[in-house]
Each structure stands twice: as C-alpha cells, then as structure tokens.
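Presented below is the structure to which this report refers.
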Amino acid sequence: MALVPLNLFVSHDGKSKRQHITCVYKCGDACSKPAPNRSDNEYFGDIAKIVSRRSVLQAGGVAVLAVGAGSALAACSSDSQPSATPTSSSPAPAQPSPGMNFTSVPPNSEDAVVVADGYQQGVVISWGDPVLPDAPAFDVDNQTGAAQRGQFGFNNDFAGLLPIPGSTGRYLLVTNFEYVTPQFMFPGFDAAAPTREQFDVERAAVGMGVVEVERTPEGGLKPVLGKYNRRITADTPMTLTGPAAGADLVKTAADPTGTTVAGTFANCSGGVTPWGTVLSGEENFQDYFGAAEGAPAPGPVEADRLDRYGVSAEPTELLWETFDDRFDLTKTPNEPNRFGYVVELNPWDPQSTPVKHTAMGRLKHEGATIYVADDGTVVSYTGDDQRFDYMYKFVSSKKVQPGTDPAAMAHNMTILDEGTLYVAKLSSDIPADQIDGSGNLPPTGSFAGSGTWIPLLHSGADGHAESLVEGVTAQEAAVFTRMAADKAGATKMDRPEDFEADPKTGKVYVALTNNDERGAPGEAAADAANPRNDNKSGQILEITDDHTGTDFTWDLLLVCGDPQAADTYYGGFDKSKVSPISCPDNLAFDSHGNLWISTDGNALDSNDGLFAVALEGPNRGEVKQFLTVPLGAETCGPIITDDLVTVAVQHPGENDDNSIDDPQSRWPEGGNGTARPSIVAVWKNGGRIGV
C-alpha cells in the first residue's frame, strides 16, 4: 500500500484534525465554548511551596488477570518557528530499545489501518456484529433498537482483554461504546427530526459490551458467541454506592431511594482491576441532558452546578429529551447527577449489576486505572478530561484480597467505596519568568517540579463519609466534585486524560491531550507542567508518586508536536530520529517497560496512530509510530501483549462535509460498505511484538 507523503516540518495552522461534527457529538463541542472551570485557582508562577521528593513505591505482588493495556498494575502543530537543528541532550543509541525493534510507520492519510512492516492485521469485530446468539446480522438499512441491544455498539473506545481461565487462547474482550453520531449511522438522517426508532438504536448503541474472543490460526482474534457475552446500554440497571447513594441530590421520581440508575453512556476509557473486573469512566454525560426552547432558567445554585459540568437547559443535539423525560432537565433535574462516575462491571457474571462508585467523585472521567501498593492498598488514578480541569487519585482504606473466588470478588468489588479522594496541586522551582508560554526549555534543560495530593473526601463503610473541604458536605463533594476541587485550590491542567502506572518502576504517566486556550485572555497562563500557550499538541507528564501518601515529584517526558519546532521536547532524545506525535490520549505498557500512546486529533496533518516510547536509558524519549488508523478515525483503547496488539478504531470517516449517504471512508469493508468503528488486532508472523 502506497503511503501519502506529508510535509510535517513546515509552519501551518496546526489545528487539531478532529472534525467539528465529532466534537459536537463526542464532547458537546466543548472547545468552542468557555471552559466550565471559572475558578481563580493559582498557577505555578504563584506557588512558592516546593514539596520534597519521595522515593517511589514498587508494585506489589498481587496476581493480575488482565493482559496488556497496563490497566491493572499490581505487582495537535505548534506555531513556534522550527529550530535550525533538532536538539539532543544524549546521543542516539545504535540499537533500538527492546520491544521497539520495528520500522516506524511514516505519517500518512490513508483510508486504512497501516501497520509496521512485517506485521499482519485483521478486524476482530465491528459495529453491528452480533454479540448475543439471537441478534441478527448487521443491516444498515434495517436497524432497530432490539437488534442493536444484541449487537456490538458504536464508537468503541476502551478495550480490556482478560484471559479465560482454563481456555488457552480464549479471552473476554470488554469494550466501551462512547457516543453516537447519527449522521454516520442512519441513511437519510434528519437531525431536526430524529425518529423514535433511531432514539432506541442510539441508546442501545452506547454503554459497554463483553464478547468472548479466541486466537485464530493466523495469529489474530475472532469473536465467539459465548456464555459471557453481554451488552450494557443506556437502560441497563446500575447500583449507586458510596456517599451519594440515597442522597437527595440523586433521587428521582423513578428512583425515590436514589440508589438505582438506568444505564451508562459517554463511557470513554477505563481500566482492568487485579481482581478481574473492568472500570469504565463516564465522561461527556452532559451532552445527553437538555430542555425545550424557552424552558425556565434554573435557580442560581442549580445554574452554577449545571454550568460547572457543561449542562444546559436547552435542546441537545441528540434530542433524547424529546423521547424520554429523564433527559429533560425541567422534568427530572437530578438525573444528570446520576452520571459522571466510575462504573465497575464484573464481566464473569452476565447477570451481575454494574456499580457506580460515587466515592471516586463525579467528573468527566477519562478512565480509572489501578495501582496496588506493597501493602495491598489500591490506588486509582483518573483524569477530568476538559481544558483547565484536574487530576485525581483515590486511595482505598481496604486491602485487596488475592484470588477470584466469590468471597474475594465480593470483597474487592467494595474496595473503591471506602477510602480518600484527592486532587493534585503542582508546583515548580523554575522561575516564572522562564516559563513564557513558548514551550522553550528553561536553563535547567527540562520541565520538572513537585506537588501534593489535596484530600477532598473520605468515604467509609455503608456510605458514611466526611468532606475534607470546608463548607462542602460529603454528598456535595461526591456529586459536585469539581466544585470541591476548585475550592481546594487544585492545579488547572491541559485536558488530563489517561493515567497508567509503570509496572516495573511504579512511575505514573498522564496524557495531557491539548489546550488551545492556555494563555488566552482571562485563562490560566502557561506553567512548568503546561508550558505552552495555545497548546495544540499536548504533553506526557511523568509522576514519581508516594502512591498511598500525598507527595510527588514530576517531569515532562514529552512536549509533543513537530520535532523540528523549538517548543517540542522528546525526553532529551535526538529529535531528528523520532516519529512526530501529537495529541496523546490513551496509554498502555508492554512487558519491556515501554510506554505506548494512542492519539486523538493529530494536529500534524496526519492520521492518528499508536506510538511506542522508551522510558529508560540512552533511548529515553525515543518515539516510534507502530500504526496509523483510517481517515477521520481516532486511535483508542490500546492493548499491548508480547505477541498481540489491539486498538479500537473510533469514528472512521467522520468529516464535516460527509455523512453515511456521502461517505469519506468505507473502512473496514471497502467497496460500497459502511464505515464502521471496529476493534483491530495486529500480530507478527511467528514472532513477538517489537522483538
């Protein structure tokens, strides 16, 4: 397949390639609106306190069920002018890092998944493929809600792969379905007048899915209509646990006890726990709640709470409020308070009820990933994916119990209900006048600093909880966590998305995707951890955390973008020898200790992709592109094992000038086929990944 050469190393407008229609349905077009965080929280230039460095705790020895993804750990271009010569603080090594011995895929704009030479690929499952035995085959012209409830959902994001005990080569593939884009689902769609059947299809196409898969003789994966298969939708009953459960803030006429919620949606990334469950982060839930034109304005307290979460008493794009009163703010005002949590699903029991853990706070959770300390304490990290919002961690009071027997599972599924929720405040001793928003390195040669985790909420047994923020009740801290974090003085970040802890070193990595409002009038100025104004390409933060404590230090591993631009940094590695990377989103680790990064909205005029990054030794900061996804698509949910890589290809072909009736893409079917979000597997014939 011929690659399309792209000139990535000249000045251009540098806007993210994410299309406006994707922004509208994925995140409510958040980037075109003022950021909901209007707090006056200080930035680094105002902070004098430097927190002392603590040594990192090593991962514990608890058994892990999940493979790849790095989720269960127990034991888009700059406007800066290009520099004359790419800089380097260390010579390029003669040999590639273990696990990164592949030829980088050049940037391209192919309508295909393009993988490194010597590797094979295959689609595992696509939107509409049957998941349950009685589901019909996909027929784009004859979609029904009943059919979609038994089929693979739309816009797959997070994916976890859990080996089935006693079944070699068999796994549970657990997937999130983040959002719907009706113009790319329904032929002849009329956005002003969606039908009841289309609404039924949409609410069945979001949520989560469990699908048994098995390795093929060639090396890929194929779905199996097995006993574990399940679909979770916008209507599946969920149990609320923790401080918000039973609170007046979450009670509705349909649920006067405030303990049972219908469904989950806007599920972005997630994580796999050491006890074999899957965590799913409810992110852009605000897009689903609205009101008719001319609806009465909410009172001042309610308005502040709605605004802080981006919820508006006006018609939504999907118009779900016209079909179901629970999405109408004037009729069910508490319903939005029942979304924005971390969902835990036991995929081994198709009859189990998923749980929403309110002790972990309500925000736009990109995901939730687990680290287990030496003493068995469980630490969960999560980002609030919005411009100028915050980074959080939850430290459990309970200890994890090894094993997957029913008693251990029952205990472990309550771990995330009891503990302390924290928000991050960062600082740096780099003088403020050396952080001018250009992204140029300070005289120290790197961006670095320290920080502290500020406690917000302590949750105990049976929902009993104590707010640790003055003037905020425990229930308010659980339901309006953003506002508690505002009051606590957290640091505004550039869209904190996925967290992953390195299973070898315990260091924690954070994808900060971008923020083109950084440094704009009235917005937070650049600081050492967010060093560029008009930040279109994002950065990767490396944290050395006292996991169960409150102190940490941090460095910027990558300041992403055009390697020839002065405002980019690749861990000190020779920038003339890296693959350009922009807009980091999801993270994973391989067994060699390399960090893998998927991208969303590449601002370098190329398709999004999956990249490997060396973290240690002379190769630190070396970035190599392993694959690219098709036109209009985003790379999601990477899983990295020794002999298999999978990615979720989300929203292929989404383009402002196209629709399902006039497609930009026909991937993966080709010909006259429909563009369909899909899971893709990549493998090496007779070999290991990157070896």
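Just so you know, these numbers come straight off a predicted model, no measurement behind them.
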Next on the checklist: Assess, by modelled atom type and distance only, whether the side chains of Asn156 and Thr175 contain a donor and an acceptor separated by less than 3.5 Å.
Outcome noted: no
Checklist outcome for this item: Here the gap from Asn514 atom CG to Ser582 atom OG, rounded to the nearest 0.5 Å, amounts to 7.5 Å
Checklist entry - Lys504 side chain to Ser591 main-chain N or O, any donor-acceptor pair under 3.5 Å? => result yes
Checklist entry - Is there a donor-acceptor pair under 3.5 Å between the side chain of Thr550 and the backbone N or O of Trp453? => result no
Checklist outcome for this item: Heavy-atom closest pair (Val378 atom, Leu416 atom, distance to 0.1 Å) is CG1-CD2, 4.2 Å
Checklist entry - Checking Asp590 side chain against Ile640 main chain: does a donor-acceptor pair fall under 3.5 Å? => result no
Item to check | Nearest heavy atoms of Met391 and Phe499, plus distance in Å | outcome: CB-CZ, 3.6 Å
Item to check | Salt-bridge contact Glu622-Arg620 (side-chain N to carboxylate O under 4.0 Å) | outcome: no
Next on the checklist: Looking at Phe102, I'd like to know if the NZ or CZ of Lys624 sits under 6.0 Å from its six-membered ring centre while staying within 45 degrees of the ring's axis.
Outcome noted: yes
Checklist entry - Which heavy atom of Ala529 sits nearest a heavy atom of Trp554, and at what distance? => result N-CH2, 3.5 Å
Checklist entry - Backbone N or O of Asn602 within a donor-acceptor pair of the Thr599 side chain at under 3.5 Å? => result no
Next on the checklist: I'd like to check Val680 versus Thr646 (side-chain heavy atoms, cut-off strictly below 4.5 Å). Are they in contact?
Outcome noted: no
Checklist entry - Can you check whether Val647 reaches Asn586 side chain to side chain, under 4.5 Å on heavy atoms? => result no
Next on the checklist: Between Thr635 and Ser598 (side chain of the first, backbone of the second, donor and acceptor by atom type, cut-off under 3.5 Å), is there such a pair?
Outcome noted: no
Item to check | Worked verdict on Lys575 versus Thr568 for side-chain contact (heavy atoms from CB on, under 4.5 Å) | outcome: CA-CA 9 Å; Lys575 294 198 296 180; Thr568 59; 2.9 Å; yes
Item to check | Pairwise side-chain contact, Leu627 with Val114, heavy-atom cut-off 4.5 Å (strictly under) | outcome: no
Item to check | Asn535 and Asn515: side chain donor to acceptor below 3.5 Å | outcome: no
Item to check | Side-chain donor or acceptor of Asp502 paired with backbone N/O of Lys507 under 3.5 Å | outcome: no
Checklist entry - Taking atom types as modelled, is there a side-chain donor on Glu500 or Tyr509 under 3.5 Å from an acceptor on the other? => result no
Checklist entry - Going by distance alone, is a donor N or O of one side chain under 3.5 Å from an acceptor N or O of the other, for Gln539 and Asn530? => result yes
Checklist entry - With a 4.0 Å cut-off, would you call Asp516 and Lys536 a salt bridge? => result no
Checklist outcome for this item: OG1 (Thr641) and CG (Leu161) are apart, to the nearest 0.5 Å, by 7.5 Å
Item to check | Residues Asp643, Trp683; criterion side-chain contact (heavy atoms from CB on, under 4.5 Å); working and verdict | outcome: CA-CA 6 Å; Asp643 62 355; Trp683 64 96; over 6 Å; no
Next on the checklist: Could you go through Lys364 and Asp385, starting from their C-alpha distance and side-chain angles, then the distance that decides it, and tell me whether this counts as salt bridge (Lys or Arg N to Asp or Glu O under 4.0 Å)?
Outcome noted: CA-CA 6 Å; Lys364 293 185 181 180; Asp385 182 11; over 6 Å; no
Checklist entry - Below 4.5 Å, heavy atoms only, C-beta onward: do Glu178 and Lys26 meet side chain to side chain? => result yes
Checklist entry - Is the Trp596 ring parallel, tilted or perpendicular to the Phe626 ring (thresholds 30°, 60°)? => result perpendicular
Checklist outcome for this item: To the nearest 0.5 Å, atom OH of Tyr570 lies from atom CG of Leu557 at 11.0 Å
Next on the checklist: My understanding is that only residues two or more places apart in sequence, or in another chain, count here; which of them pass side-chain contact (heavy atoms from CB on, under 4.5 Å) with Glu616?
Outcome noted: Thr505
Checklist entry - Do the non-hydrogen side-chain atoms of Leu512 and Ile540 ever get within less than 4.5 Å of each other? => result no
Checklist entry - Would you say the side-chain atoms of His365 and Glu283 include a donor-acceptor pair closer than 3.5 Å? => result no
Checklist entry - For the atom pair CD1 (Ile164) and CD (Glu214), what is the distance rounded to the nearest 0.5 Å? => result 9.0 Å
Item to check | Pair Asn607-Ser109, side-chain hydrogen bond (donor to acceptor under 3.5 Å, both in side chains): steps then yes or no | outcome: CA-CA 5 Å; Asn607 290 353; Ser109 57; 5.5 Å; no
Item to check | Pairing of Glu212 and Arg170 as salt bridge, 4.0 angstrom limit | outcome: yes
Checklist entry - Is a side-chain N or O of Asp600 found less than 3.5 angstrom from the main chain of Asp608, in a donor-acceptor match? => result no
Checklist entry - If we only count heavy atoms from C-beta on, is the Phe573 to Val613 side-chain gap below 4.5 Å? => result no
Checklist entry - When you measure from the side chain of Thr491 to the backbone N and O of Leu426, does any donor-acceptor pair fall under 3.5 Å? => result yes
Checklist entry - Just how far is it from atom CD1 of Ile581 to atom CG of Asp562, taken to the nearest 0.5 Å? => result 13.5 Å
Item to check | Criterion side-chain contact (heavy atoms from CB on, under 4.5 Å) on Asp642 and Ile689, from CA distance to verdict | outcome: CA-CA 6 Å; Asp642 284 345; Ile689 302 298; over 6 Å; no
Checklist entry - Taking atom types as modelled and ignoring hydrogens, do the side chains of Ser280 and Asn267 form a donor-acceptor contact shorter than 3.5 angstrom? => result yes
Next on the checklist: side-chain contact (heavy atoms from CB on, under 4.5 Å), that's the test. Do Arg215 and Tyr171 meet it? Break it down for me.
Outcome noted: CA-CA 9 Å; Arg215 295 298 294 267; Tyr171 306 88; 4.1 Å; yes
Checklist entry - Hey, are Ser269 and Glu366 close enough side-chain-wise for a donor-acceptor pair under 3.5 Å? => result no
Checklist outcome for this item: Rounding to 0.5 Å, atoms CG (Leu631) and CG (Asp111) come to a distance of 4.5 Å
Item to check | Side-chain donor-acceptor contact under 3.5 Å, Ser97 with Asn619 | outcome: yes
Checklist entry - Hey, are the side chains of Val210 and Leu173 touching, using non-hydrogen atoms and a 4.5 Å cut-off? => result no
Checklist entry - Which heavy atom in Ile597 sits nearest to a heavy atom in Pro584, and how many Å separate them? => result CG2-CB, 3.6 Å
Checklist entry - How far apart are the closest heavy atoms of Val400 and Val372, and which atoms are they? => result CG1-CG1, 3.9 Å
Checklist entry - Does one side chain, of Ser104 or Gln625, offer a donor that lies under 3.5 Å from an acceptor on the other? => result no
Next on the checklist: Tell me whether Trp667 contacts the main-chain N or O of Pro677 through its side chain, where contact means a donor paired with an acceptor under 3.5 Å.
Outcome noted: no
Checklist entry - Between Asn155 and Gln650, do the side chains contain an N or O donor and an N or O acceptor separated by less than 3.5 Å? => result no
Next on the checklist: Between Asp545 and Lys393, does any NZ, NE, NH1 or NH2 come within less than 4.0 Å of an OD or OE carboxylate oxygen?
Outcome noted: yes
Checklist entry - Do Asp389 and Arg387 meet the salt-bridge criterion of a basic N to acidic O distance under 4.0 Å? => result no
Checklist entry - With distance as the sole test, does Asp555 use its side chain to make a donor-acceptor pair with the main-chain N or O of Ala448 at under 3.5 Å? => result no
Item to check | Side-chain heavy atoms of Val105 within contact of Val115, under 4.5 Å | outcome: no
Checklist outcome for this item: Nearest heavy-atom approach of Leu556 to Tyr569 is O-CE2, 3.4 Å
